[in-house]
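Because only heavy atoms are used, hydrogens play no part in the values below, and waters and symmetry mates are left out as well, while side chains stay in.
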Amino acid sequence: MRASSSSPTRGAGVTVLAVAVAALILLPLVVIAAQAMSLGWDTASAFLFRPRIAELLRHTGALMVVCIPATLLIGVGAAWLVERTDLPLPGVWRTLLLAPLAVPAFVSAYAWISVRPDLAGFSGAALVATMAYFPFVFLPTAAMLRVLDGSDENIARSLGASRRTAVLRTVLPRLRPAICGGGLIVALHLLAEYGVLEMMRYQTFTTAILQQYAVGFSDGQGSLLATVLLLLCVLVLTAEVILRGRARVARVGGGTPERPERIPLGKWMIPAILALTAVVALAVVVPVALVVKWFVASVDQNVVAWGDLLRVTGTSLGLAVAGGVAAVAAAIPAAWLLSRRRSFLSMLLERVTFVASALPGVVVALALVTLTVRWADWLYQSSAVLVLAYVILFLPRAVVTLRSGFAAAPPELSEASRSLGVGGRGTFVRVVLPLALPAFLTGFVLVALAVATELTATLLLAPTGTRTLALAFWGASDELDYVRAAPYAVMMIALSAPLTLLLRRQLRGSGSRVSKKEQV
C-alpha cells in the first residue's frame, strides 16, 4: 500500500523545515569560512603548513585512534553481557554502566588530576575520555538488543549455524546503525572536547583554537584551525555513512515475539563481572569518591556559599530544559527524512547538522557573537542566542536518537493509518509518536545532560550576570582551588543523576516483553 497523493506535499513541508534548520546550523560555518579566507592563500598556507599543525594532527588522531575503538569495545561488550548473557542482576549493571553520564567529563578529569598529577598528558586524556564516552555506545546498542526479534537468529541455529555464526550474520548487521551512531557521537565529542584536554594538559586542535582566540579574539588564524577541524569532522561523517549501511531494523507489529536464548557465561562469569566492575570503578566510583572527598573538605572549611550554589543550579537547570526541548524540536525534520525518505538530500542535511557540532563551543559562540553584533545587536548576550548555540552543538544527539526511534515505527503502519482516512498530522500523533516517544525522551535527556555541563559557549554567550554550575566550577578549578570547586562539581553530578536515571527507565522500557526477573 502506498502513501496517499498528498504525501509529496507533506514531504515537501518536512524538507523545507529540515533545510531551514540546516541553514541555521550553517551560519557559524559561514562566518568561520569568511574569516579564514580573509587572510589570503599565502598567509593561510604559511600558517597551516607548520610543524605545530602536524603535531596537533598527531595528537588529535592519536586520541581518536585509541578512544573510539576502546569505547566501541567497552560499550558493545557491556551491552552484550547485560542483554544477551546470564549475567546476574542485569538491571543493576544497566544503571551502573549509564552512571558515567551523570559525571561530566571535565569533572572526572578534575578528580583524577587532583590526586594524580602524573596522569597529565595523553594517557590521562585517553583514560578519562574513554570512561566518560563509552555510555554513548552502550545505550543505543543495549536498547537495540532488547527490541531485536530473535527469530532470525534461532532459525539460523536450527539450520546448523553455530551460535557465533548466527550472531555475526543475523544480529550484528542489525546492530550496525546503533553502533555507528554511538561511535559517531564519541568521535564528535573527541574533536570538540576542551575541558578534559585542558585539565590534562594535552594539546589538540580544540585547545589550540581557544588559545588562538584568547590571543587574537576570533581572528583569521583561529578560524583556519577551526577549518582543519571541520575537515576532520567531514572525514568522520563520511566513514560513519559507509560503515552504517542501509540495513532495516524495524519490523511490522509491536514488541518482540521471540526472545533469543540468553547465553550461559560458564567459566567466563567471574572474568566478565570483574571486567564490568573495573569499568564502573574507573568511570564512576573513583571520580565520585574524589569529588566527595573535596566536598567534605569544603564543608569542613566552611567555604560553601549555599545561596549562590542554589541560584547557579537553578540557572543551569532552566538552560538544560530549554536547550533539550529546542534541540529535539529542531531534530524532528532531519530525523524523519532519514527514516522515511533516505536520499542524497536527506543525507546531506544530516551531515550538515553534524558538522557544526564538531566545532568547539568557543568557535560557535564567537561566530554567533559576530553575527549578532553586526546584524542583530538586540540579540547580543540574550538567552535565545545561547539556546541556539546549544542546538548547534548538541543537535546530533537528538538526531541520532530520533532517527532510531522513527526507524522503530514501520512506514507500513503510517500508510495503513492514512488509508483509513487519518491525515498526516493525526497519523504522526496517533501512530508514530507513541512508538517513537522513548526516543524523544532519550534525545531530550542526552541534550539536557550536555547543556547542564557546557562550558565555553556559555562563558561567551550567557547574558551578563548569568552563571552556571560549569562556569562556577571552572573558575575555581582553573585556579587549582579544588576545595572551592567541589560543591559545584557535586551539584552537577546531582543534577545529572536524575536525567541519567530517566535514561535507565527508557532503556528498561524498550524491552517491554523482557521478564520482570531480568529487569530487576
Side-chain angles (χ1 to χ4, degrees), residues 25-39 43-68 105-106 122 125-126 129 133 183-198 200 202-241 350-370 389 392-397 450 454-457 459-460:
I25 298 299
L26 277 176
L27 282 178
L29 307 186
V30 173
V31 174
I32 291 167
Q35 291 175 336
M37 290 188 296
S38 66
L39 294 178
T43 303
S45 59
F47 177 79
L48 291 176
F49 294 106
R50 298 182 303 151
R52 174 61 172 164
I53 303 301
E55 180 187 19
L56 294 175
L57 277 174
R58 287 196 302 271
H59 283 193
T60 304
L63 197 64
M64 296 184 72
V65 166
V66 170
C67 291
I68 293 176
F106 59 84
F122 174 76
Y133 296 151
L184 176 60
I185 292 180
V186 171
L188 294 178
H189 271 73
L190 291 171
L191 287 176
E193 179 59 54
Y194 171 74
V196 171
L197 304 179
E198 181 65 20
M200 290 296 176
Y202 186 72
Q203 291 287 302
T204 66
F205 273 101
T206 305
T207 58
I209 289 170
L210 193 63
Q211 291 171 358
Q212 189 64 47
Y213 277 126
V215 173
F217 193 75
S218 191
D219 62 352
Q221 292 181 344
S223 295
L224 282 175
L225 291 176
T227 302
V228 177
L229 200 57
L230 275 176
L231 293 177
L232 293 177
C233 177
V234 170
L235 292 177
V236 170
L237 295 173
T238 303
E240 192 267 345
V241 170
E350 182 201 31
R351 300 300 96 177
V352 167
T353 62
F354 275 62
V355 166
S357 69
L359 292 174
V362 64
V363 176
V364 174
L366 287 172
L368 292 177
V369 167
T370 301
I392 294 173
L393 291 170
F394 305 125
L395 188 63
R397 295 188 180 209
E454 204 284 327
L455 177 62
T456 52
L459 180 64
L460 293 175

T456 versus G361, closest heavy-atom pair with distance: OG1-CA, 3.3 Å
Minimal non-hydrogen separation, M64 against A187, with atom names: CE-CB, 3.9 Å
Partner set under side chain to side chain donor-acceptor pair (under 3.5 Å) for R52, not counting sequence neighbours: E55, Q203
From L188 atom CG to L232 atom CG, the distance as rounded to the nearest 0.5 Å: 11.5 Å
Check: P28 and I392 side chains under 4.5 Å, non-hydrogen atoms: yes
Rounded distance [0.5 Å steps], CG in L190 versus OG1 in T60: 9.5 Å
A389 versus L368, closest heavy-atom pair with distance: CB-CD1, 3.7 Å
Interatomic spacing from OG1 in T206 to NE2 in H59 - rounded to 0.5 Å: 13.5 Å
Reported CD-to-CG distance for the pair E198 and L455, which is rounded to 0.5 angstrom: 10.0 Å
Partner set under side chain to side chain donor-acceptor pair (under 3.5 Å) for H189, not counting sequence neighbours: R397
Closest non-hydrogen atom pair, A105 against Y133: CB-OH, 4.3 Å
Closest non-hydrogen atom pair, I53 against F47: CG1-O, 3.6 Å
Gap separating the CZ atom of F205 from the OG1 atom of T227, nearest 0.5 angstrom: 10.5 Å
From L224 atom CG to I32 atom CD1, the distance as rounded to the nearest 0.5 Å: 11.0 Å
Sequence-distant partners of A125, side chain to side chain contact (heavy atoms under 4.5 Å, CB included), two or more places apart: L63, L197, M200, Y202
